[in-house]
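Computed over heavy atoms, backbone and side chain alike; hydrogens, waters and symmetry mates excluded. In each ligand, atom 1 is the first atom listed, and ligand 1 is the first ligand listed.
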Amino acid sequence: MDIEKLLGELTISEKCALLVGADAWHTIAIPRLGIPSIMMADGPHGLRKQLESGNSIEIQESYQAVCFPAEVTVASSFDPELAFQMGEGIAKECLNKDVQVLLGPGMNIKRSPLCGRNFEYYSEDPVVSGEMGAAFVRGLQSKNVGACLKHFALNSQESYRMISDSVADERAFLEIYTQAFRRALQENPAMVMCSYNKVNGVYASENPVLLDDVLRKKFGYQGVVVSDWTAVNRRPKALKATLDLEMPGYVYSVHQLEKAVRHGIVSVEEIDASVRRILALVESKSANRIEDFDLADNHALARRIAEGSIVLLKNDEQILPLAPTDKVALIGRLARETRYQGGGSSHINPFQVDSLLDRMPPEADCQYAEGYTLQGDGWDEKLLAEAQALATGADKVIVVVGLTDEYESEGYDRRHLNLPRGHQALVEAACAVNANVIVVLQIGSPVLMPWKDDVKAIVNAYLLGEAGAGALADVLYGKVNPSGRLAETFPAHLEEAPWWGHYALGNGEVHYQESVYVGYRYYSSAKIPTLFPFGYGLSYTRFEYSDLTLDRDILRVPGAVSVSVRVRNTGDRFGKEVVQLYIENNQDRQFKPAIELKQFKKIALAPGEETIVRFQLTEADFQYFEPAIKMFVSDSGDYTVQIRKDAETLLLSAPLRLENPGQKDYAMNFMKAESYRICG
Ligand code: GLC
């Protein structure tokens, strides 16, 4: 495709038509010039390609596809390799269904656990979100299926998402909410999708500072920027902000662009810049061919990903793993009707949904009772009594509870962190008659657990995808040793949250007053205990850490410091561990979170085996954004390198001094500070 030649041959009407969708899912084709259309379809945890009859943005029936674990679940694996394999697997289904771009991954940072769409995002932490998202993009694009990072930016709530205004300071914007996008952009994703909301007063879809100054000039993105569906307000204004493609397609928008060109509001050069990016994308996918694919292969892959993502939160008296001889009462309707994904545009028409009841080992002595209904809050006196009676005589009780689509979904936020009343009651009823209660959670975001001290074990299965029940059964009976870690904080009390009182308010401004103090960055700085901290997760084995070593005690910028730590499996089972490297910040010159995760590595060790885990720290790991001079900078001073089990458990630490000779120049830069502001 000779793009420059095509630009000379395309009429202005054809060019404008290329910048607006042909329908709900396709770009327009220009047959006379041999320009094909390409198709986009939702993700992010599976392929949601609507039937041809459903060419509408309303959620319609879609083709069967494998529903993988949700992003929140995969993030808990802390294993980018699994995210890569998930992207690669979904790409095979895209090729099979002639889809060229998957609308995923979701890259928004979890400002609050109340966000109805948190299940579709990775983490509260930019490092975890960035690494997992980048790996997913690599996997997807390894088969030449385009990825689309979404939703850029500050789309932290579902309430009033079409009209609310996310107002954040520059440090929060650049250090927290766009940092994961910046990491994933290094994989050169085919598209970036703008969000619905305003960013500091200007709709994202027509925000030149957000899309041009920051995304393109500061972050260096040269690909296609697409709107969220119906997010464009004024097409000419969006084009001038460098938004290339409005989705879905409205002919009115084509006419708006043509008129804007005629009136000189939009230049042909501006039109051509976007057409060039669209044609480059179309050309890059033109070699894709429909390939056969067996969904069963991805079903097996989805199960493997689930195995690595389940988080063991409590296991008193080593009640888990279960023995097949245990007389088990399995109670809770979600054990039979799995909640395996969230609601909204990501909802997959699954290939084969497994349930825990079906996947319990055939030799297991297990009886089942419903316990609650899946309507409303689930409360049902009769079902509750039947389940409690079954629990009374059992050796151990597995209570499966969680959130239903009524409680969390795209399109609305939660108002509290409670489980549905009927689910809560079932846990309490089981605890009243049996001392050996194991709770399994099927949730897309944190919940409160007032019964935490009354149960012996808690397994957080999150949303495990269609094949996750088999992985869950394997964890419960010990065929798989759980190795997930929380990629988000489970708060003990909602009112202690940093955003409390200014989250998802009315349809006006939502002020991110907590700035960079998001998630564990807040709780660790304010020393507020949580229900379960970021990075937390147990294993059926034990790991011992020793010999934290730095190859120098002064990092002179622009050098690097090598960090190593010895980890040994001191238990009697094979297991995987997530080694977490944090920095305790120096705050002599600027406020910063007390600690920040900088790198992590997941390792596998046989019983008695040990390994040395190595990291490299450079100035980038110490930088923050200095608004006064509009630059990322690092402060000379004393820091601490920390190996942590989780955000609340310090294992090993070592002092490190950072010396940055460039710092003295900052004062000079104060006068030369760049003039741009993050919008407004
Ligand atoms: C939705 C979502 C977006 C999705 C798009 C197409 O409103 O916000 O994530 O990809 O529309 O369904």
With the threshold set at 4.0 Å, does a side-chain nitrogen-carboxylate oxygen contact exist between [X] and [Y]?
X      : Y      : value
Arg339 : Asp405 : yes
Asp213 : Lys218 : no
Asp42  : Lys150 : yes
Glu88  : Lys143 : no
Arg521 : Asp125 : yes
Arg304 : Asp79  : no

Can you name the atoms of ligand 1, numbered from 1 with element, that are less than 4.0 Å from a heavy atom of [X]?
X      : value
Tyr196 : 1 (C), 7 (O), 8 (O), 11 (O)
Arg48  : 12 (O)
Lys150 : 3 (C), 4 (C), 9 (O), 10 (O)

Under a heavy-atom criterion of less than 4.0 Å, does [X] contact ligand 1?
X      : value
Met193 : yes
Arg117 : yes
Glu410 : yes

> So, Glu410 and Ser346: side-chain donor and acceptor under 3.5 Å apart, yes or no?
Replying inline: no
> Given Asn108, Asp228, Leu103, Val226, which has its nearest heavy atom closest to atom 5 (C) of ligand 1?
Replying inline: Asp228
> Does Glu158 approach ligand 1 within less than 4.0 angstrom via side chain, backbone, both or neither, non-hydrogen atoms only?
Replying inline: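 No part of Glu158 is near ligand 1 at this cut-off.
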> Do ligand 1 and His151 have nitrogen or oxygen atoms that lie under 3.5 Å from each other?
Replying inline: yes
